[in-house]
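So the structure is just underneath, and the comments pick up after that.
All values reported here derive from a predicted model rather than from experimental measurement. Throughout, protein chains are lettered first and strands after them, A, B, ... in sequence-line order, and every chain is numbered starting at 1. Side chains included, hydrogens not; waters and symmetry mates left out as well; all remaining heavy atoms used.
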Amino acid sequence: MADWSPPDDRTADDHVVAVLERTLATYAGQAPPAVGLPDRVHRTRRRRTLVQTAVGTSAAIAVAAAIVVPMSLGDETESVGPAVDAPDPGWRWESYAGVELQVPDSWGTGTTWYPWCGGQVAKPYVGRPIGVVPLVACSEATLSEAGDRFVWFGGSDAVGTTTDAEGWVRETRRLGELTVTVQLDDPALAERILDSARVYDAADWAGCAADHPLAATSDDLRPEVPWDVAAGDVVLGGTVCRYALPEVSPPSDGMDRPPSHIASRSLTAEEATAVRDAVAAAPTGTGPNDPARCSADRARGDEAIVVKLSTESGSRELFVRYSGCDHHGVDDATTVRKLTPETASTVFDAALLPPLWSAVLDDVFAPIVGGAEVVTVPRGAPRPTPGGPI
Amino acid sequence: MGAPPDVTGRDVLATDVPSPTPSTETPSDADADGARSADFDAWLSINGSDLLRFAFLVLGDRQRAEDAVQEALARTCSRWGRVSSAEDPRAYVRRMVVNADISWWRKFGRREHPVDTFGRPREGTTVDDADPATVVTEVDAMWRLCADLPRRQRAAVVLRYYEGLPDAEIARVLGCVEGTVRSQIHRALATLRARLSEQERHHG
């Protein structure tokens, strides 16, 4: 077979670009015409109007069953739909405290500083400095002897790179105030992961901000714009944002508290609608609670979740409380509803699950499959390669 | 790697609440709405064709392109006053097209009419003096290869190589930083180069 080479003296890139430009110019001619577009746009807009009423001259005419009354929205903001930054095929985004990066989609999630001797990790994972680690003291080991593959947010390594003769690499970079550490036996993969890292503030890949007013206080706080999740607003998509609440006794080292964002999840229209339906169907009132299990200042626990739903009326928030021992439930700033297994199954995925929860919530969280958690196997058992089958 | 880039925040705009009944509108409200609509229609008459071409090149399907542009423009019309004063409306609409969610369309019960997706070019579309058969084959192959690119890579490529936008403008449309734009385009070209080469060797 003949090797492909571009014609004349142009470089391969020039030729590819030339063909690409020619292709786009050619096919642009096949685009649908704009004839009648203004009429179609205005018909679409009229079809999307939510409220229709009819009033007779001498008697009120019954309002049609599917009426939705627009609320006074004030100066609120509207999302035009989830502005999700799609990852490369076979990869996914992970974000924490103002830094986000991409990892192969097969990787699990776990805890930063997980000790190599605490149990052999069965698959590569993304670690966050939140969670439980075995209280073990590991002896010195080379990278290949330890043999764990991970990305850690917020590890304590100094910036730099360590390698060994077996081809393992452990590299730490600093982005903003956070370090990211990769340890792999694939230097090219490690570089690709680190090169994908970037900082965020107003919005990460899924639309979650690095900080949220919910995370600024352990006191009661409700969504800014009251709405009624049971009103049946059409939901176009959504985002789930997990945040850390302030510590009861923050360290007095004079350092600013890092951004509170922990993890994100993007919701399709179906998934967001399922969240809406599950919350709307839940009984009113807070719970399940067990206030006897903790002090009042720890009642709301360490973390909470903001669910942002894109509706036709605008962006709406739900605050989901599940940490600590009291005040559990879902709040739309009009009604608080209990946290049910159905609600939890629509909101939480593996990256969003808290490391611990009150026993009173066992029935809520237990059914959620934790397939992406760090799984340890007996030392010596075969392990998959990064990105391979688990 | 350079300095860590900032991620552009999401675009959020206030919504115009539709009036529940026409009789509650004041004359000044109606005049303002009329003026905004006329202004929007005038803008649409100039930019509608370009937006449909952009949507078709990114989405690869005439029906999807029409649906995406119609929905995006309907939303844009609803908040025209804020959109037109806050940013370039074309970037706003293009962003919605790039982010259009197929499941959203299904929620509204849209029926997707089967059309030729990334079909063959029409006859007589060669544009230079190279062998017409070779040009048509390359164009056909490239169009099909573009279909396999991730949508944001395809959008970045269309914005640079069809719209001719600078990276800063592309970044505004895609809601990312310029470095990401260059990275997306680099990856797209690498993929297209490799697959074109592979196809040529297979047929050579």
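Between chain A and the options B:Q153, B:E66, B:M142, B:R187, the largest number of non-hydrogen pairs under 4.5 Å is found for B:M142.
A:H42 and B:Q70 share no side-chain donor-acceptor pair at under 3.5 Å.
Scanning both residues, A:P32 and B:F56, for their nearest heavy atoms gives CD-CB, 4.1 Å. Taking each heavy atom of A:A34 and B:S49 in turn, the nearest pair found is CB-OG, 3.4 Å.
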Pair B:W143-A:T26, side chain to side chain contact (heavy atoms under 4.5 Å, CB included): steps then yes or no: CA-CA 10 Å; B:W143 183 243; A:T26 301; over 6 Å; no
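When the ring pair (Phe, Tyr, Trp, His ring centres under 6.0 Å) test is applied to B:F54, no partner is found at least two apart in sequence or on another chain.
Looking only at side-chain heavy atoms (C-beta outward), A:L20 and B:L189 come within less than 4.5 Å of each other. Here the side chains of A:P89 and B:P150 are in contact, with some heavy-atom distance below 4.5 Å. In this structure, B:S78 and A:E312 have side chains that are not in contact, with every pair of non-hydrogen atoms separated by 4.5 Å or more.
Distance check, rounded to the nearest 0.5 Å: OG of B:S197 to NE2 of A:H15 gives 10.5 Å. The line from CG of A:L24 to SG of B:C146 is 6.0 Å long, rounded to the nearest 0.5 Å. A:L37 contributes atom CG, which lies 5.5 Å from atom CG of B:L73 (distance to the nearest 0.5 angstrom).
Within a 6.0 Å sphere centred on CD of A:E191, other residues, nucleotides and ligands contribute 12 heavy atoms or fewer.
For chain A, the nearby part of B:L44 is the side chain; its heavy atoms alone come within less than 4.5 Å. Looking at B:V98, there are no atoms closer than 4.5 Å to chain A (heavy atoms on both sides), in backbone or side chain.
Of the residues B:L57, B:V139, B:L145, the one that meets the side chain to side chain contact (heavy atoms under 4.5 Å, CB included) test with A:T23 is B:V139.
Residue pairs that meet the side-chain hydrogen bond (donor to acceptor under 3.5 Å, both in side chains) test with at least one member in residues 156-165 of chain B, sequence neighbours left out, are B:R53-B:Y162, B:R94-B:E163, B:R160-B:D167.
Looking at B:R193, its side chain never comes within 3.5 Å of a backbone N or O of A:V16 through a donor-acceptor pair.
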